[in-house]
Every structure is written in structure tokens, then in C-alpha cells.
Amino acid sequence: MRPGSGPSNAITRRGFLKGLLATALAAIVFSLYGFFIEPALRLRVRRWRIRPPRWTGGPLKIALVADLHMGEPYMSLARLRRIVARTNALGADIVLILGDLEAGHRFVTRKVTMEDTASELAKLGAPLGVWAILGNHDWWHDRAAQARGGGPNRIAGLLRAAGVPVLQNDAVRLGEGTAAGPFWLAGLDDQLAIGVGDMVFRGLDDLPGTLGKLTDDAPAILLAHEPDIFPKVPDRIALTFSGHTHGGQVRLFGWSPWVPSAYGNRFAYGHVREGDRDLIVSGGIGCSIVPVRLGMVPEITLVEIAA
């Protein structure tokens, strides 16, 4: 028998080939899951129960729908109908839409119109209403608004026409006569709304002006599509809700390798408390740039404020 031709080498070759095959299969499964199963087929309800130090009202249940990024094959109109039905079944006191309705990637095989999207979102329902803010993609896909350097915004108009009010640097007082008691709901316009150069954007948000519309000391909730505003939010705001990050889309062991935020993982996902201020960042539902999700299952976010 020649050196190197014994059974041990044959076993080694067989082991190597089996390992190579296993690695190839794992890569296929990984790609299938991350690029289709998780982003296109899965949906969960992520629940948070919190007691913000600045909340002086009663209990309140809030459903958040963020970052739909409509467009087939990942976000079809049929899937949106299922999301709307599941959100309504949660029995929330109020439903909040946190912006970015249009697809933010180039892998759309068939567009879903914003008219149809607004019509479906209008089927959401809650005792204290359904309220929306705009995200960066809601501005970026509006070429006329980009050319003007500002509003009116097309998607905001479609939502309002369908019966969904949109808060753009505005605030409303809600909850009178309910268990939660009166509170303010304030919504900022987007912080990255208007392109002014190569990856340089001008925001249309006005935090001081928005806060100036709170005319009494009832507790206040702030809606801000991007969470990067949070360090500037004063203690006057009991709770801030944001989307935009998608939890990084890939999130393993509580960490995301890339987050569209100047603060990285600090505001990537979930409940953040800094001092007496609370922030919840929804992982959202759709995808941006690349249609992949891994460890960041698309979610409807349900927040229960405890009295």
C-alpha cells in the first residue's frame, strides 16, 4: 500500500466532502431564511409593558405599525390586510403609524400604490383613533416635494383623504373621559426629509415649535420617525416612539452590525430609558436598501403603559 492511500485518508476525504456539503446547505438555508422567510412570511407581536416616570395618566395600550415599505414580493396588499386585521385584534386604545410606507429597496417585483396602501390603513381602528407621521422615504419618493424643498407631501395627502390624520410638527390632546385620562400626542415631521446633496439631508422637524403646542401639563407622547432626536427630547415628554432603524434588520445577541443612526446600537431597537425619559424603537415590518432580515422578525409593536 502506497503512503497516503490508506483508509484514514479516505475517511478524511469523505469527512471533508461531507463538511463542504453541510456548509453549502447551511448557506442555502441561511440565505433562504434571511432573504425570504423572515422578511416576507414571518410576523410577530412584540409586547412592551412599561411605567414611564413622567406618565401621570392611567393605563394606555398602544399599537405601533412602522416601516411598511410596501412592494411585492415582500409587502403585498394581501399581507397588509393581514397586518391590519391582526393589529385590530390586539384591542389597542390607539394605533400609531410611524412612517415609511414606500419600499426602500430595488428588489420590488410589483409596486403597491400608495392610494391602495392608504385605503387599507384606514381600516385600522381604535377608540382614540389612528394617527400617522411621515418617514424619510415618504419624502424621498415624492419628487415634486423634493423639487419644492418641502410640502405638501403626497402620502400625507392620501392618508388624510382616507381618514388617517397625519401629524407634522403638530400636537393633539386626547383621552378626556377615558381610563388613561387626558394626554398629548405630538408628531414631528421627518428629520431627513429633503435631499440637499450627496447623502446630505435637511429635516423638516420642529421640536420646539411642536412642544409649544402643548398648552397644559397633561402627559405627552412624541412620535418621531428617526430615534436620533431622542437626546434633544426634554423631560416634558413622557414617552417617545420611533421606527426607521428596523432594528438593524440583522440583529444577533442584541447587537446589529449596521444601524441607520448616528448613535449606532444605542437607539437601534426596543426600550431605552435615559434619565426620566423613555424611548421605544419599533423593529417595523418592511426592509430598506437590502431585503434581508435575520434575528429581527417583522413586528407589530404593542406598548402597554401601566398606571
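Basis for what follows: all heavy atoms, side chains included, without hydrogens, waters or symmetry-related copies.
- The pair Arg273-Asp278 counts as a salt bridge, with a side-chain nitrogen and a carboxylate oxygen less than 4.0 angstrom apart.
- Using a 4.0 Å cut-off between charged side-chain N and carboxylate O, Arg54 and Asp276 make a salt bridge.
- No donor-acceptor pair under 3.5 Å is formed between the side chain of Glu102 and the backbone N or O of Asp138.
- With rounding to the nearest 0.5 Å, the separation of CE in Met70 from CD1 in Ile285 is 9.5 Å.
- Shortest non-hydrogen contact noted between Val281 and Gly243 is CG1-O, 3.8 Å.
- Residues Arg42 and Glu299 are not paired through a salt bridge, judged by the lack of any N-O separation under 4.0 Å between the basic side chain and the carboxylate.
- Cluster annotation: Trp258 is not connected to Leu192 through the hydrophobic network of ILVMFWY side chains, with a link wherever side-chain heavy atoms come within less than 4.5 Å.
- Counting all heavy atoms, side chain and backbone alike, Pro73 lies closest to Ala40 at O-CB, 4.4 Å.
- Considering all non-hydrogen atoms of both residues, Trp184 and Ala218 come closest at CD1-O, 3.6 Å.
- Atom CG of Asp189 sits about 8.5 Å away from atom OG1 of Thr210, to the nearest 0.5 Å.
- A pairwise comparison of heavy atoms in Val297 and Glu38 identifies N-OE2, 3.3 Å as the closest pair.
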| request: Please report the C-alpha distance between Asp116 and Ser119 in whole Å, then the side-chain angles of each, then the deciding distance to 0.1 Å, and finally whether the side-chain hydrogen bond (donor to acceptor under 3.5 Å, both in side chains) criterion is met. | output: CA-CA 5 Å; Asp116 286 343; Ser119 179; 5.9 Å; no

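- Relative to the six-membered ring of Phe183, Arg173 misses at least one condition, a distance below 6.0 Å or an angle of at most 45° to the axis.
- Around atom CZ of Arg51, no more than 12 heavy atoms belonging to other residues, nucleotides or ligands sit under 6.0 Å away.
- Heavy atoms of other residues, nucleotides or ligands lying less than 6.0 angstrom from NZ of Lys213 number more than 12.
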| task | Using the side-chain contact (heavy atoms from CB on, under 4.5 Å) rule, take Ile280 and Ile50 through it: C-alpha gap first, then chi angles, then the decisive distance, then the call. | result | CA-CA 10 Å; Ile280 287 183; Ile50 65 173; 3.9 Å; yes

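- Under a cutoff of 6.0 Å and an axis angle of 45°, Arg46 and Trp48 form a cation-pi pair.
- Note: Leu96 CG to Ile133 CD1 = 8.5 Å, rounded to the nearest 0.5 Å.
- The aromatic ring centres of His246 and Tyr269 sit 6.0 Å or more apart.
- At least one side-chain heavy atom of Thr117 sits under 4.5 Å from a side-chain heavy atom of Met114.
- Between Glu120 and Arg79, no side-chain nitrogen of the basic residue sits less than 4.0 Å from a carboxylate oxygen of the acidic one, so the salt-bridge criterion is not met.
- When all heavy atoms of Pro152 and Asp142 are compared, the pair lying nearest together is O-OD2, 4.1 Å.
- Taking the six-membered ring where the residue is Trp, the centroids of His137 and His69 are separated by under 6.0 Å.
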